[in-house]
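Note that this is a predicted model, so its numbers are computed, not measured.
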Amino acid sequence: MTAEVTYQVVDNKDSLRELCALVESLEPQDFISLDTEFMRITSYYPDFSLLQLAIKGQNYLVDMWVLGEQALPLIVALCHTTAGVLSFGSIEDIGLIALWARKAKCTPVLPMRFYDLQLMLSFSGQNKVFGLREALQSLLGVTLNKEYTRSNWTQRPLTTEQLRYSALDVNYLEPLYHLIYERMPVQNFSYFVEEMHHICGQFVAEDDPDEAYLSISAAGMLSLKELNVLHYLARERMIYGMQHNQALNRVITSKAMWQLARFTPTNKQELLRRGVNSSAVRRHAPMILEWIKAAKRAPQYEHLTIPYDYFSHQRALQENFDYLKKQIRERLQQTRALDEHLLLRKSLLNDYFRSLYLGTTPLLQQSWRLKVLGKLDVPLEPLSRLNLGTEEGSLGALSKEGVIMPPPFLTFR
């Protein structure tokens, strides 16, 4: 069937006050369906344009572009609600609400019961990643037009088509939630709730510039000296992006970061050769070259630690990664209706070996993941060592005990 929708635009103090009162009146058995529209092509922080809410059969389109910080009381009300808050593909929504909650100096920064229905589908045994349009068509028989996904949400006035599209994004979330809930095992729902708490916990604090280097792709290939340069560059890039509200890739593209740390270019031509795009070179070359010079002189960062992808770059551990995947798949076969991609994400596999090295508990051995998988027994020692043999030091990564280690000149904390 073709989707139909009605909505109320909230763009003044009176209508905003009424909506705040409605949110504050909600009880635990109630639900709020939530979506956001924003622009973030060139900026570090999203330009919050529209907040869509569906409550008790009524859709509200809150014009954040017009209201600005006048809408902060609504964000606070949302963060304190006991109602369930439903969204779909909600990572960006979560980040945006948390950003505005911090702006309002609100604690907590997110609703207590924030449910991502796309993730919920994975816990119900749906092994295909659905977008909202596909999920509504497949599960509710509703046809949703996604023509305005890439609209300019900062233009005013918004068109009738844009408003209708944005209202439809929340109109069917509550019936979709109930349908998924009815189909999923009770135990899986509890796992889903634990995972949502973990996800939301990652947005409590703003990103730390001193930790920006940890997630840079290929950081794990760098030496101590190069990693220290990367730390400096990643920190300065993030601080500049925050202070000037510039998207990080407009300053230095992420794929160029490790090359700058390893080869430390000294002129514009070398910046281009190492992956910095031409527009960034035109805008920022003097600043980037100055950062590189300063990074080479900088003392070692006191809390330098092993990058997230370090062990995935160790060829001697490839068999260990494969064995870890095999164990996960085998144990998931005994569990009802869980999408294997929930536990086979590259970030979780990297974290497993990184945590073993650091002496901390891997995410795969925490919370609902431990309940599902039980104790994992994949070691840090290369499995291939038992039947292939190695010459000591030939891989540049083996200790005398055969355990994969960072190169000896790295002293991690």
*Heavy-atom donor-acceptor pair, T81 side chain to L78 backbone, under 3.5 Å*: no
*Any donor-acceptor pair under 3.5 Å from N228 side chain to Y301 backbone*: yes
*Can a salt bridge be assigned to the pair K293 and E290 using a cut-off of 4.0 Å between side-chain N and carboxylate O?*
yes
*asked:* Quick test of your reading of the model: are E211 and R235 salt-bridged, counting only N-O distances below 4.0 Å?
replied: no
*What is the minimum heavy-atom distance between A256 and V276, and which atoms define it?*
CB-N, 3.8 Å
*What's the verdict on side chain to side chain donor-acceptor pair (under 3.5 Å) for N350 and D309, showing C-alpha distance, side-chain angles and the deciding distance?*
CA-CA 6 Å; N350 283 335; D309 69 352; over 6 Å; no
*Passes side chain to side chain contact (heavy atoms under 4.5 Å, CB included), W65 versus D47? Steps please.*
CA-CA 8 Å; W65 188 259; D47 289 330; 3.9 Å; yes
*asked:* Donor-acceptor pair, distance only, cut-off 3.5 Å: does the side chain of Q162 make one with the backbone of T159?
replied: yes
*asked:* Looking at R262 and M221, would you say the former's side chain and the latter's main chain have a donor-acceptor pair under 3.5 Å?
replied: yes
*Any sub-3.5 Å donor-acceptor pair from Q118's side-chain atoms to F130's backbone N or O?*
yes
*Examine F321 together with F353 and report whether their ring centres are nearer than 6.0 Å.*
yes
*Which heavy atom of W291 sits nearest a heavy atom of Y232, and at what distance?*
O-CE2, 3.5 Å
*Using modelled atom types only, decide if a donor and an acceptor are shared between the side chain of S223 and the backbone of E226 within a distance under 3.5 Å.*
yes
*So does R369 pair up with E195, basic N to acidic O under 4.0 Å?*
yes
*In terms of ring plane angle, is the pair W368 and F123 parallel, tilted or perpendicular, where the classes change at 30° and 60°?*
perpendicular
*Would you find more than 12 non-hydrogen atoms of other residues, nucleotides or ligands less than 6.0 Å from Q366 atom CD?*
yes
_Salt bridge present between E340 and R329 (N-O < 4.0 angstrom)_ = yes
_Can you confirm whether or not the ring centre of F31 sits under 6.0 Å from the ring centre of Y177?_
yes
*Presence of salt bridge, K326 and E330, under 4.0 angstrom*: yes
*Take S33 and E174, measure what side chain to side chain donor-acceptor pair (under 3.5 Å) needs, and give me the verdict at the end.*
CA-CA 7 Å; S33 298; E174 187 172 344; 5.1 Å; no
*Backbone N or O of V66 within a donor-acceptor pair of the D63 side chain at under 3.5 Å?*
yes
*Taking 4.0 angstrom as the limit, do D351 and R354 come out as a salt bridge?*
no
*Should H284 and Y240 be marked as a ring-ring contact (aromatic ring centres under 6.0 Å, His included) after you check the CA-CA gap, both sets of side-chain angles, and the distance that decides it?*
CA-CA 11 Å; H284 303 303; Y240 182 89; 5.4 Å; yes
_Centroid separation W100 to F48 less than 6.0 Å_ = yes
*Centroid-centroid distance, Y181 to F189, less than 6.0 Å*: yes
_Heavy-atom closest contact (R113 atom, P28 atom, distance)_ = NH1-O, 2.7 Å
*Considering residues, nucleotides and ligands other than E69, do more than 12 of their heavy atoms fall under 6.0 Å from its CD?*
no
*Mind checking side-chain contact (heavy atoms from CB on, under 4.5 Å) for S215 and listing every partner two or more places apart, or none if nothing turns up?*
Y308
*asked:* Please check this pair: side chain of S138 against backbone of A135, looking for a donor-acceptor N/O pair closer than 3.5 Å.
replied: no
_Candidate list I199, L86, L34, I32, test side-chain contact (heavy atoms from CB on, under 4.5 Å), partner F114, passing option_ = L34
*asked:* Using only atom types and a distance under 3.5 Å, with no angle test, would you say the side chain of S90 pairs donor to acceptor with the backbone of D93?
replied: no
*asked:* Any side-chain to backbone donor/acceptor pair from T253 onto G275? Under 3.5 Å, distance only.
replied: yes
